[in-house]
Amino acid sequence: MNEPVTIKRGTELELDIESLAYGGMGLARVENFVIFVKYAIPGERVLARIYKKRKGFAEAQVLDTLVESPNSTEVKCNHYWICSKIQSLSYDQQIKEKSAQVEDAFTRLGGFLDFKLDKVRKADLIYNYRNKMEFTFSPNRWVLESEPEGVDKSFALGLHIPGRFDKILDINNCHIQPEIGNKILSVAREVCLGNPELRPYDPRSHIGFLRFLMLRFGANTGDLMVNVVTSYHDIDKLSSLTDALLDKFPEITSLVNNVNTRKADVAFGEYETLLYGKPYIQEKIGDLTFEISANSFFQTNTTQGEVLYKEIENALGLKGNEVIYDLYCGTGTIGLYLSDNAKEVFGFEVIRSALDDAEKNADRNQISNVHFLKANLDTFFKSGQLPNRIPKPDVIVVDPPRAGMHQDMVNYLPKLKAKKIVYVSCNPTTQARDARILNDHGYKIISSTMVDMFPHTPHIETVMLFSK
């Protein structure tokens, strides 16, 4: 009789990867004990080492791939594991795995035993789809094992190594952004390496000038924004970089400098200087035109964003006489998109800058039947802050952050007595939890759709229609 396997930190095991767990890790089992394996894909047999052991599971790192997955595919870049963690899995299989994750969340966590997705909307464009990219300048370059010895470690322009705030992998090409973004990246690196004044900011010592290079692309307009984030204001020092970019890329329609003097490692500036063009780019979704500034939120995949909004519209089946509540409305894009087929839309959002953008975009598109309110939805309805002049909703759209709705909000939602609730989510686990509460209040799942917003990444977006 075989001895039971002892699983502890440092143990090396041969593992068969059964499926893709939520978050993108491979899932394997040893005597029904679950092991999540970094950078492994379903169908592989790997030699892995345990690096973390908990009561109910362990995590492991691949040491060697013993048997390739029948669903593996050639990857485009040698650093895909930083952001596009599942690029080595065929796109069709990515969709199957993501669909299975949604169904598992609703059956296992939500208790919906017969749950199956009704529809899956795959992406037509699986590369070059991101309309926003953020790259970090750093004097602390992470060197890959595949790179030659003696590589200069004092400069990097690229992406954070997972789990490290201070190490950046130098990136030459990112295949999920438009190709012009890679060309801008190359010129920016060349200029900065040739100018000792353009020193990258060090998050450990808080010394240095350049912090981030942020790019925004108008997929349907051709607009292009370059936002250089620095640690202090010095336009003269920055000019060698900005002049070179404007000279090489006449496609640039907006060039701005955000200044972040704080220690917080974020690309949001305390103030902004417009260096060229307009302080925003324009983007179109459907018949609407949106202004997107450097710090505005906007769907990161324009094409699939429109698919998502159409699915919301289809689920609601609007007749034109409905009052809509758009909860967690952000910059108001969903409410504005639905406004043409509604009587009135009321958007609720806690972030003032997002509401400013929402109101600006309503004015720009000459939409007068959408109104925005500042509201902390954890407490807003429960504490009776809703003005009496606002009519009760016929339908509600909910698009909360990854953590889902606050429990008080979920419990209060049925008291608004809307005929339909559409719940949009980027996290099926918290959506399944909230769906259970709605179900207990009499709202049943009528339809379910998964929209693949981010191919080659583990992210998932779903649209669920509830009705009594």
Side-chain angles (χ1 to χ4, degrees), residues 9-14 24-26 37-41 44 46-52 59-68 72-89 127 133-177 179 181-213 215 228 231 240-241 244 248 265 456-457:
R9 188 174 176 182
T11 302
E12 294 186 7
L13 298 165
E14 290 189 11
M25 296 177 82
V37 188
K38 266 187 178 180
Y39 317 130
I41 60 173
E44 285 182 333
V46 300
L47 176 65
R49 179 184 292 127
I50 305 294
Y51 65 84
K52 181 188 290 184
E59 293 183 13
Q61 177 82 46
V62 174
L63 300 176
D64 191 19
T65 301
L66 306 175
V67 178
E68 294 282 349
S72 66
T73 189
E74 188 176 348
V75 297
K76 283 201 169 193
C77 60
N78 64 352
H79 52 75
Y80 73 95
W81 46 272
I82 289 181
C83 55
S84 299
K85 296 179 183 177
I86 55 175
Q87 194 185 120
S88 58
L89 191 63
Y127 289 105
M133 287 297 298
E134 187 180 295
F135 300 101
T136 303
F137 291 97
S138 175
N140 305 303
R141 177 177 172 180
W142 180 275
V143 178
L144 296 171
E145 291 180 2
S146 58
E147 295 186 88
E149 287 187 24
V151 169
D152 182 7
K153 299 179 182 179
S154 66
F155 181 91
L157 174 56
L159 302 174
H160 276 273
I161 292 293
R164 293 293 299 264
F165 80 97
D166 60 338
K167 289 287 185 179
I168 300 297
L169 179 65
D170 200 51
I171 300 293
N172 291 308
N173 284 288
C174 178
H175 295 284
I176 59 175
Q177 74 167 342
E179 187 54 40
N182 294 319
K183 294 175 181 177
I184 291 171
L185 202 60
S186 176
V187 169
R189 178 183 294 102
E190 183 182 335
V191 170
C192 294
L193 283 172
N195 188 335
E197 282 197 326
L198 296 175
R199 292 180 59 190
Y201 178 82
D202 189 337
R204 291 179 295 193
S205 66
H206 307 293
I207 295 172
F209 181 52
L210 297 174
R211 299 191 72 159
F212 299 96
L213 178 71
L215 308 176
V228 185
S231 61
S240 60
L241 174 57
K248 298 277 188 182
D265 194 30
H456 309 306
T457 80

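The nearest pair of heavy atoms linking P203 to D166 is CG-CA, 4.1 Å. Listed here is the closest heavy atom pair of P139 and Y201: CD-O, 3.3 Å. Counting all heavy atoms, side chain and backbone alike, P196 lies closest to G194 at CD-O, 3.9 Å.
In this structure, N173 and C77 have side chains that are not in contact, with every pair of non-hydrogen atoms separated by 4.5 Å or more. Counting heavy atoms from C-beta outward, H160 and T136 have side chains that approach closer than 4.5 Å. Between Q87 and T457 there is no side-chain heavy-atom pair separated by less than 4.5 Å. Between Q177 and C174 there is a side-chain heavy-atom pair separated by less than 4.5 Å. Taking the side chain as every heavy atom from C-beta outward, F135 and L159 approach each other to under 4.5 Å. Proximity of E44 to V67: side-chain heavy atoms (C-beta onward) are nowhere separated by under 4.5 Å. Residues F209 and L198 have side chains in contact (heavy-atom distance under 4.5 Å, counting atoms from C-beta outward). In this structure, K38 and V62 have side chains that are not in contact, with every pair of non-hydrogen atoms separated by 4.5 Å or more.
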*Take M25 and V37 through the test side chain to side chain contact (heavy atoms under 4.5 Å, CB included) and record every step on the way to the result.*
CA-CA 5 Å; M25 296 177 82; V37 188; 6.0 Å; no
*Quick one: do L13 and L47 satisfy side chain to side chain contact (heavy atoms under 4.5 Å, CB included)? Show the steps, please.*
CA-CA 6 Å; L13 298 165; L47 176 65; over 6 Å; no
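Shown are N172, D170, I171; of these, the side chain to side chain contact (heavy atoms under 4.5 Å, CB included) with L157 is made only by D170. The side chain to side chain donor-acceptor pair (under 3.5 Å) test with Y51 singles out one residue from E59, Q61, R9, and that residue is E59.
The CH2 atom of W142 sits 15.0 Å away from the NE2 atom of H79 when rounded to the nearest 0.5 Å. The CE atom of M133 sits 8.5 Å away from atom CG of N182, with the distance rounded to the nearest 0.5 Å. Distance CZ/F137 to OG/S231: 11.5 Å, rounded to 0.5 Å. Note that the CG atom of L63 and the CZ atom of R49 stand 4.5 Å from one another [nearest 0.5 Å]. Taking CZ of R164 as the reference point, atom CG of L169 lies at 12.5 Å (rounded to 0.5 Å). Taking NE2 of H456 as the reference point, atom OG1 of T73 lies at 8.5 Å (rounded to 0.5 Å).
Judged by distance alone, with hydrogens and angles left aside, the side-chain atoms of S138 form a donor-acceptor pair with the main-chain N or O of N140 at under 3.5 Å. A distance-only check finds no donor-acceptor pair linking the side chain of S88 to the backbone of S72 [under 3.5 Å].
The salt bridge (Lys or Arg N to Asp or Glu O under 4.0 Å) analysis of residues 190-202, with sequence neighbours excluded, yields the pairs D202-R204.
In the model, H175 has no side-chain atom that pairs as donor or acceptor with a side-chain atom of Y80 under 3.5 Å.
Within 6.0 Å of the NZ atom in K167, the count of heavy atoms belonging to other residues, nucleotides or ligands exceeds 12.
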